[in-house]
2 protein chains.
Amino acid sequence: MTIAADRDARRESLLVAADLVVQRDGASASMAAIAAEAGITKPILYRHFGDKSGLYAALAERHTDRLLDALVDALTAGGTSRERVHRTIDTYLSVIEAEPQVYRFLVESEEAAPAKGPVRGFLRRLQELLAAGISHELRLEPEDERAGIWAAAILGMVQAAGERWLEVRDCSRDTLGSQLTDLLWGAYGLASAAAHE
Amino acid sequence: MTIAADRDARRESLLVAADLVVQRDGASASMAAIAAEAGITKPILYRHFGDKSGLYAALAERHTDRLLDALVDALTAGGTSRERVHRTIDTYLSVIEAEPQVYRFLVESEEAAPAKGPVRGFLRRLQELLAAGISHELRLEPEDERAGIWAAAILGMVQAAGERWLEVRDCSRDTLGSQLTDLLWGAYGLASAAAHE
DNA sequence: ACGCGACTGTTACCGGCGGTAACAGAGGAG
DNA sequence: CTCCTCTGTTACCGCCGGTAACAGTCGCGT
């Protein structure tokens, strides 16, 4: 029964084509353009993915799985707590540096998405994963609210700083990672205390 | 010459109507719907604002100016550095709590925007303002890269944590503000050190 | 061998969007 | 009275996401 395998292979090739178009045209790639790139027509896309958000969701999974794996590896490898955090941040930065278009597609698509953003699930997963990591790292009680809050906060912090860095590139990747780690370890409070005597 | 005043008054009424529709239909409000709400037709909107991003930019300014003023006030009022930061974060949170639709429109519109996001300027301004504040607060040299990095990072941190809070509402506004301030003052590093002995 | 159903692919269309051209009335200046 | 500008309209364009309806093709049971 190669029929299912054929379907999967076809689906794969469609996703590869969609990837090409998204990286070329940005997040506003049209379904017709993707179909043309794949050498087929629109209804085939719709038969495979339902609608545009379905395609985007499938496209997102291709990348998020890799990214999540890489982050988990960085977070669970050895070293002090601070080293692990720094390494994880650097992993994230290296990914968005290597594939900025993919990153932009993942975090800032939404655009014409219907109702619930499909890609949003990625940030959710990442956030929950990070919350679990923090909870374990800090040996927090499961009901401690700080894990969730800090997971969202740290995620937003790294993401915003990474986005700005992609645009202005005013320091090396390693410097940025160090500054962010410092910030988490209270550098702002320290600098503030030092400035006021 | 009341002609200019008339134009401005008209423009104001159009913006009020646009505000209504945006808060009702979300960020995907159509130009036709806004025109209908204002009791006129599309070309008038286009004569006043050029295109959709122009309208959105004008609409954004109405709110960002208020928000920026409030944040500046909170940041420059008295108290210790920590108190000022906490108060500024709380100001931000209280604004997004009071007008979540407006907030969503400001930070996550983009959607069908052409080329450069018009609303993006708001985050830019906020970021620069915060960078200047940090630079002053910490008495940093003007060329110190940390001001820009940390401004973006802190902004993203508060924004992401605020967005999550709007959805799950798992703690009081004051608690959230305190947790975020703690985080900036090194609570994560401290908790990590405590957990590992 | 034949027909028949399932599947893949196509063309051609729909409604709605952002955006614009072209026309219709209203009021002041000569 | 005429012309000219300024405001408002209708009616249209091109593009998008999404779909209905039709055409070819392959494997299957009889």
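Letters A, B, ... mirror the listed sequences (proteins, then strands); counts begin at 1.
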Can you name the residues that form a side chain to side chain contact (heavy atoms under 4.5 Å, CB included) with A:Leu55, not counting sequence neighbours?
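A:Leu15, A:Ala18, A:Met31, A:Ile34, A:Leu45, A:Phe49, A:Leu59.
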Just jot down the side chain to side chain contact (heavy atoms under 4.5 Å, CB included) partners of A:Ser30, sequence neighbours excluded, or say none.
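With neighbours one apart ignored, the set is A:Ala32, A:Ala33.
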To the nearest Å, how far apart are [X] [atom1] and [N] [atom2]?
X       : N      : atom1 : atom2 : result
A:Met31 : C:dC14 : CE    : P     : 21 Å
A:Leu55 : D:dG17 : CG    : P     : 11 Å
A:Leu45 : C:dT10 : CG    : P     : 10 Å
A:Lys52 : D:dT19 : NZ    : P     : 14 Å

Selection from D:dG8, D:dG17, C:dG9 that lies nearest to any side-chain heavy atom of A:Arg10
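Among the listed nucleotides, the one closest to the side chain of A:Arg10 is C:dG9.
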Selection from D:dT9, C:dT8, C:dT10 that lies nearest to any side-chain heavy atom of B:Ile44:
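Of all the options, the side chain of B:Ile44 is nearest to D:dT9.
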Between A:Leu183 and B:Ala153, what is the shortest heavy-atom contact and its length?
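Heavy atoms only, the tightest pair is CD2-CB, 3.8 Å.
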Pair B:Asp65 + B:Arg125, salt bridge at N-O below 4.0 Å:
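The answer is yes: the pair qualifies as a salt bridge.
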Run A:Asp51 and A:Ser53 through side chain to side chain donor-acceptor pair (under 3.5 Å) and show every step you take.
CA-CA 6 Å; A:Asp51 61 1; A:Ser53 69; 3.0 Å; yes
Which of residues 33-43 of chain B sit near DNA chain C, with a heavy atom under 4.0 Å from it?
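The stretch gives B:Lys42, B:Pro43 as the residues lying under 4.0 Å from the strand, ordered by number.
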Without hydrogens or angle criteria, can the side chains of A:Tyr103 and A:Glu97 be said to hold a donor-acceptor pair below 3.5 Å?
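Per modelled atom types, A:Tyr103 and A:Glu97 side chains form no pair under 3.5 Å.
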Which residue pairs satisfy the ring-ring contact (aromatic ring centres under 6.0 Å, His included) criterion with at least one member in residues 143-189 of chain A, sequence neighbours excluded?
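Sorted result for residues 143-189 of chain A: A:Trp185-B:Tyr188, A:Tyr188-B:Trp185.
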Tell me the salt bridge (charged side-chain N to carboxylate O under 4.0 Å, His left out) pairs involving residues 127-141 of chain B, sequence neighbours left out?
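Non-adjacent pairs meeting salt bridge (charged side-chain N to carboxylate O under 4.0 Å, His left out): B:Arg84-B:Glu137.
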End-to-end axis angle, where each axis spans five pairs of the helix from C:dA1-D:dT30 to C:dG30-D:dC1, to 10°
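Its terminal axes enclose an angle near 30°.
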